[in-house]
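Some notes on the structure that comes next.
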Protein chains: 2
Amino acid sequence: MLEAKLEEAALLKRLLDCTHFSSYTNESPCSPRLCLAIKELVTDANFECNEEGINLQAMDNSHVALVAVNLEASGFKKFRCDRPMPLGVNLNSLTKVLKCAKDDDICTIKATDDVDVLNLVYEAKNSDRIAEYDMKLMDIDAENLGIPDTDYDARVTMPSAEFTRIVRDLSLLGESVRIEVSKEGVRFASDGEAANGSILLKQTEAAKEKYEKYGKDDEEVKDEEDEEEEEDKPKKKKIKKEKVKKEEKDGDVEMNGDDDDDGEFKAKSDDEGEEEQEEEEEEEEEETKKKNKKRKKAPSKNGQPSKKAKKSDEVPSDGGVYVEMNQHVSLTFSLKYLVNFSKSSSLSNTVQLMMSNDVPLLVSYKFGQGVIKYYLAPKIGEE
Amino acid sequence: MLEAKLEEAALLKRLLDCTHFSSYTNESPCSPRLCLAIKELVTDANFECNEEGINLQAMDNSHVALVAVNLEASGFKKFRCDRPMPLGVNLNSLTKVLKCAKDDDICTIKATDDVDVLNLVYEAKNSDRIAEYDMKLMDIDAENLGIPDTDYDARVTMPSAEFTRIVRDLSLLGESVRIEVSKEGVRFASDGEAANGSILLKQTEAAKEKYEKYGKDDEEVKDEEDEEEEEDKPKKKKIKKEKVKKEEKDGDVEMNGDDDDDGEFKAKSDDEGEEEQEEEEEEEEEETKKKNKKRKKAPSKNGQPSKKAKKSDEVPSDGGVYVEMNQHVSLTFSLKYLVNFSKSSSLSNTVQLMMSNDVPLLVSYKFGQGVIKYYLAPKIGEE
DNA sequence: ACAGGGATCT
DNA sequence: AGATCCCTGT
């Protein structure tokens, strides 16, 4: 059976907003015909549960975008999953049920081995209210969506709010955006009927320092866990750039630091998982203000203020932009999807864009309990 | 070609809010049927650019109201316009493009001589972000809207916030307002189904002193420009009040200090027009904190604080009311337009109402970089 | 505390 | 497409 307890129901609620994007992206007056095109980008999804946590993968109905969420077992206040089980969830139903939770409720989800029902319990912090819901589950073909496993040629790390702002702005003008990473920085450009727009973000030194280790925390954490490569870290950091440029393999590992489901890292992951649990408790203590997660008390330079009570990010949002690239990339994407993706800024102050020419864009938000990744196929042969 | 750089994009954004008023003035619950009546008061406008600055004139679609904006070249951080050129702008498009600017961006607009595209560049203060937009221009018949060139019998100078409040309040009751200037002050009265309202503003001594020279700076500046009537100035100032009362002609000139394009006053206008430009600059100068440019150093007594970095006004808003009149006037206007006009309170703390019986009202807001003037025909034979 | 803008729902 | 509600910014 599965039993997972979350300190705050808010996380699930926000996560579902980010997954179950169905918005009427009618910001494109240029193409009102598209406004109704999306309706529901994702309606059903399998929540794959195992002892390491919960993974969700779903492809939008038009098979252009893919969303993958990973919640680590350590991100829960309590997590137990005796055997792998897929929970076939209708996102509309889950959205409704989650609306019945208050943001600060303690939320426990349970499923028995016959996985035909998901049990959700919302408990007020002071325990004077307990709400319980049973949601029917469905049988979804666990078509394992081939997550593209690419070595990206460019990675952009930037404040999620800025990304949100950019795609929202450009969606006022046109329906697609060309993202171009070059030595001068990253450029977002869109052509519309009324106007064309182009935004160039230059890398800042501050951002470079701040984000240099971002996305490689996994390693650090790992290292820390391993406890033996402490002295290695600094080295790694220093050569990181070179790695990206020279060692495709290692560079990619770093670039893909977010990858969760790769076999070869499994062993290590296991360790992490258990440790993380401990950390979790630690965290709670740390989270004096929020539900943030910063697991290890790593040589954390990301001592983040965690402004509101909403975002649980490790990096302040006032960020600046950090660009890493092996080669110039230029890709065109549908803005309506990116606008949807950018709703994840409620989960993290930082976003990473990973790109290589002619392969899907990866938009990744790391948050305290895991990571949400979006993949979007580029438009091809577009003007 | 045209190249104009503004210290803050916010000015343009606010200006467009004031020009492109399309609001559903549904503040009138009394007449919900009117809510949809306006939709778009002004959709397109020509931005007339020449070496002296930028002028915009537009009439609302129902030809009842007219808006005229003058931005002085001196109000820009940089301004260059090699030859006069009209930029035919769709205000909807410009609104969208301006939404893509952050308020504190440095904004540069450029147009080449073929004026088919307006180029807007938004540069973050720290230059790590540069956004560039190209907006298509259109060909608009430069129907030179006959701006009424009246000698006004009454002028009311008051805090713009108070005017905003009054028209908003009265718009809750009825759809028109009678504005009456008499010796006791200025009265705003509206009759509605639910209630009638009447607001009397009496002139205050403080306001008299404060505003005595407001709107007449033009003259001073003019004199300065002319450079030869220096000795005349003090004289003029002293008799100013008398002028208003005795010499209709001269009084009007003063009262009409803002008029820009009048045929018969052209000769005089010419002087005045140029003068105004200078005054503008004066005003800006006073705004020591903003993007001022102050060319001439006038004997400025309006050393005004200019609170925030937003409003660029020469007079504090805590104002009081100053009334000048040659004769009693009483006129009735549509409140929905006045409510729209009053949005310009974001540009200036002070507003001037100029009236004569049976001619359009002139509502004028002067701000650091120029002036925005609204003309509204009175309702006639109304109850 | 109020106003404006954005997002969601009908 | 319009109206209402919520959130953010001033």
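Just so we're on the same page: letters track the sequence lines, and every chain starts at 1.
- The interatomic distance linking A:D169 (CG) with C:dG5 (P) rounds to 14 Å, in whole Å.
- Residue B:R168 places its side chain closer to C:dA3 than to any other of C:dT8, C:dA3, C:dG6.
- One can place CG of A:L172 at 8 Å from P of C:dG6, the figure rounded to the nearest angstrom.
- With hydrogens and angles disregarded, no donor-acceptor distance shorter than 3.5 Å links the side chain of B:S344 to the backbone of B:L347.
- Going from atom CZ of B:R14 over to atom P of C:dG4 covers 14 Å, rounded to whole Å.
- At a threshold of 4.0 angstrom between heavy atoms, the contacts of B:K13 with the nucleic acid are absent.
- One interatomic measurement links the two molecules: CZ of A:R165 to P of C:dG5, which rounds to 12 Å at whole-angstrom precision.
- B:K99 places its NZ atom 10 Å from the C1' atom of C:dG4, with the value rounded to the nearest Å.
- B:R129 meets the salt bridge (charged side-chain N to carboxylate O under 4.0 Å, His left out) test with A:E162, B:D105; sequence neighbours excluded.
- Separating the CG atom of B:D17 from the P atom of C:dA3 is a distance of 16 Å, rounded to the nearest angstrom.
- Here C:dG4 presents its P atom at 8 Å from NZ of B:K343, a figure rounded to the nearest Å.
- Put simply, the residue from B:V69, B:L71, B:V89 that forms a side chain to side chain contact (heavy atoms under 4.5 Å, CB included) with B:L56 is B:V69.
- Here the two rings, on B:Y133 and B:Y122, have centers that are under 6.0 Å apart.
- A straight line from CG of A:N92 to C1' of C:dT8 spans 14 Å, rounded to a whole angstrom.
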